[in-house]
> 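Dropping a structure here in structure tokens format, bear with me for questions.
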Amino acid sequence: MCGRYYLRSDKQRIAEAFRVEIPPTFDILPSYNIAPQTMQPVVRLDHETGHRELVLMRWGLIPFWAKEAKISYSTINARVETLTTSAAFREAVKYRRCLIPADGFYEWQHLGPKTTQPYAVALRDGSMFAFAGLWENWNDTTTRERLETFTIITTEPNELIHPLRGPILHDRMPAILAPADYERWMAPADPARLPTDLLRPFDATRMSAWKVSAAVGNVRNDSPELCREAL
DNA sequence: CCAGACGTTGTT
DNA sequence: GTCTGG
DNA sequence: CCAGACGTTGTT
DNA sequence: GTCTGG
């Protein structure tokens, strides 16, 4: 986790849920199968004005010191345990914490060496939520090209993803924030006092998981059925 | 010292 | 940019 | 998963 | 066709 998620809400719903202004020209298409390396909406704080803004960024963080903006699947997630020490994330976690709007995500349960069963996971009440994320700004020194990228933080699994008894879906899960914590997650903070205490497994009783078909794994598939099956 | 890494999860 | 390993 | 590679020899 | 890297 988390290598695939979905966002079926339109920009009006996103604007309301995250109390953010969205320019009229800003288009977001609902997607039931969001893959790494694609452009996705991200909520961040403009430190100059103090206002929240919604911007499109590429999923897969490129560190500012990288020589080239080479696609890397290894930075689509950042482990909460290593946020402050890893070279790729330790600067971003100080100054560039963000929210990634989502309606659900997928987990592939390992049934055998070559068998998996994908599940969709979402909030019980169907409401939109936010992954805790980091973003980074990469500049090409020669072409002046700018590229903004983001990563989704992962944490320990909760009782739904990794039950004491019953089938285990996975050993990690994305960090999900309660709306009450959005402000504190994004607000400027003393680097010695980062709000990493918010990155705990989300309340399992408020979530549900259900089987979906293997078509979820194919990025060319993008229909509501992907996350609704067997609900 | 200099070169090389710097990261994580997924997959029938 | 900065740390680590050789 | 999907996209892309898949190989060897010679040579100042 | 089948393996590898992303």
Side-chain angles (χ1 to χ4, degrees), chain A residues 1-6 31-40 57-98 100 102 104-121 131-142 146-158 160-162 167-176 191 196 199 201-202 209 211-223 225-227 229-230:
Chain A
M1 253 281 38
C2 171
R4 206 56 72 85
Y5 68 97
Y6 64 89
S31 178
Y32 300 89
N33 195 352
I34 291 173
Q37 310 305 339
T38 58
M39 300 299 285
Q40 298 303 331
M57 297 185 189
R58 196 176 81 179
W59 184 14
L61 187 143
I62 307 292
F64 65 92
W65 43 258
K67 289 180 184 69
E68 19 176 0
K70 214 174 72 180
I71 280 178
S72 163
Y73 284 81
S74 58
T75 54
I76 61 171
N77 297 130
R79 295 174 64 89
V80 62
E81 295 88 339
T82 54
L83 280 187
T84 55
T85 51
S86 87
F89 307 126
R90 63 192 172 206
E91 290 305 310
V93 77
K94 286 189 235 171
Y95 311 110
R96 291 177 290 280
R97 300 181 296 274
C98 61
I100 295 105
F105 58 93
Y106 302 105
E107 293 283 10
W108 274 258
Q109 180 181 37
H110 291 246
L111 300 172
K114 293 201 165 186
T115 340
T116 57
Q117 170 63 58
Y119 283 76
V121 184
F131 296 128
L134 307 176
W135 65 278
E136 190 54 90
N137 186 12
W138 181 86
N139 291 284
D140 190 315
T141 46
T142 52
R146 271 192 56 170
L147 180 67
E148 290 181 334
T149 58
F150 72 95
T151 188
I152 293 172
I153 297 170
T154 66
T155 186
E156 295 164 53
N158 63 17
L160 176 74
I161 305 295
H162 196 293
I168 290 165
L169 301 192
H170 203 56
D171 57 1
R172 303 290 294 175
M173 72 178 290
I176 295 171
T196 49
L199 307 176
F202 197 77
K211 289 180 182 179
V212 294
S213 82
V216 172
N218 189 332
V219 295
R220 288 175 304 200
N221 296 333
D222 197 12
S223 73
E225 314 313 319
L226 291 182
C227 62
E229 283 171 21

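No hydrogens, no waters, no symmetry mates; every other heavy atom, side chains included, goes into these values. Naming convention: chains lettered A, B, ... in sequence-line order (proteins, then strands); numbering from 1 in each chain.
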> Kindly compute the distance separating CD (A:Gln109) from OH (A:Tyr119), expressed to the nearest 0.5 Å.
4.0 Å
> It should be established whether A:Ser86 places a side-chain nitrogen or oxygen under 4.0 Å from OP1 or OP2 of nucleotide B:dG7.
yes
> To the nearest angstrom, how far is A:Lys67 atom NZ from C:dT2 atom P?
14 Å
> In whole angstrom, what separates A:Ile62's CD1 from B:dC6's C1'?
12 Å
> Whole-Å distance between C:dG1 P and A:Asn137 CG?
14 Å
> With both distances under 3.5 Å as the test, what is the Watson-Crick or G-U wobble partner of D:dA3?
E:dT4
> Rounding to an integer number of Å, can you tell me how far A:Glu136 CD sits from B:dG7 C1'?
14 Å
> Do the side chain of A:Glu156 and the main chain of A:Asp171 share a donor and acceptor less than 3.5 angstrom apart?
no
> Would you please classify the geometry between the A:Tyr5 ring and the A:Phe131 ring as parallel, tilted or perpendicular, with 30° and 60° separating the classes?
perpendicular
> Please report, rounded to the nearest Å, how far the C1' atom of D:dC2 is from the CD atom of A:Gln37.
13 Å
> Is there any protein nitrogen or oxygen under 3.5 Å from a nitrogen or oxygen in nucleotides 4-6 of chain E, and what are the pairs?
residue : atom : partner : partner atom : Å
E:dG6   : O3'  : A:Ile71 : O            : 3.3

> For the pair A:Asp222 (side chain) and A:Tyr32 (backbone), establish whether a donor and an acceptor sit closer than 3.5 Å, ignoring hydrogens and angles.
yes
> When the distance from CD1 of A:Ile153 to P of B:dT8 is rounded to whole Å, what number comes out?
11 Å
> Expressed as a whole number of Å, how far does the P atom of C:dT2 sit from that of B:dG7?
15 Å
> For the pair made of CG in A:Leu83 and P in B:dT8, what is the distance, rounded to whole Å?
8 Å
> With both distances under 3.5 angstrom, what nucleotide forms a Watson-Crick or G-U wobble pair with B:dT8?
none
> Can you tell me how far CD1 of A:Ile153 sits from SG of A:Cys98, rounded to the nearest 0.5 angstrom?
8.0 Å
> Any donor and acceptor pair, going by atom type alone, linking the side chain of A:Arg58 with main-chain N or O of A:Gln37 inside 3.5 Å?
no
> Figure out the CZ/C1' separation between A:Phe64 and C:dT2, and round it to whole Å.
9 Å
> Would you find a donor on one side and an acceptor on the other, under 3.5 Å apart, between the side chain of A:Thr151 and the backbone of A:Leu134?
no
> Please work out if A:Thr82 contacts a base, only the sugar-phosphate, or nothing of the nucleic acid, heavy-atom cut-off 4.0 Å.
sugar-phosphate
> Would you measure the distance from the P atom in D:dT9 across to the matching atom in E:dC3 and give it in whole Å?
23 Å
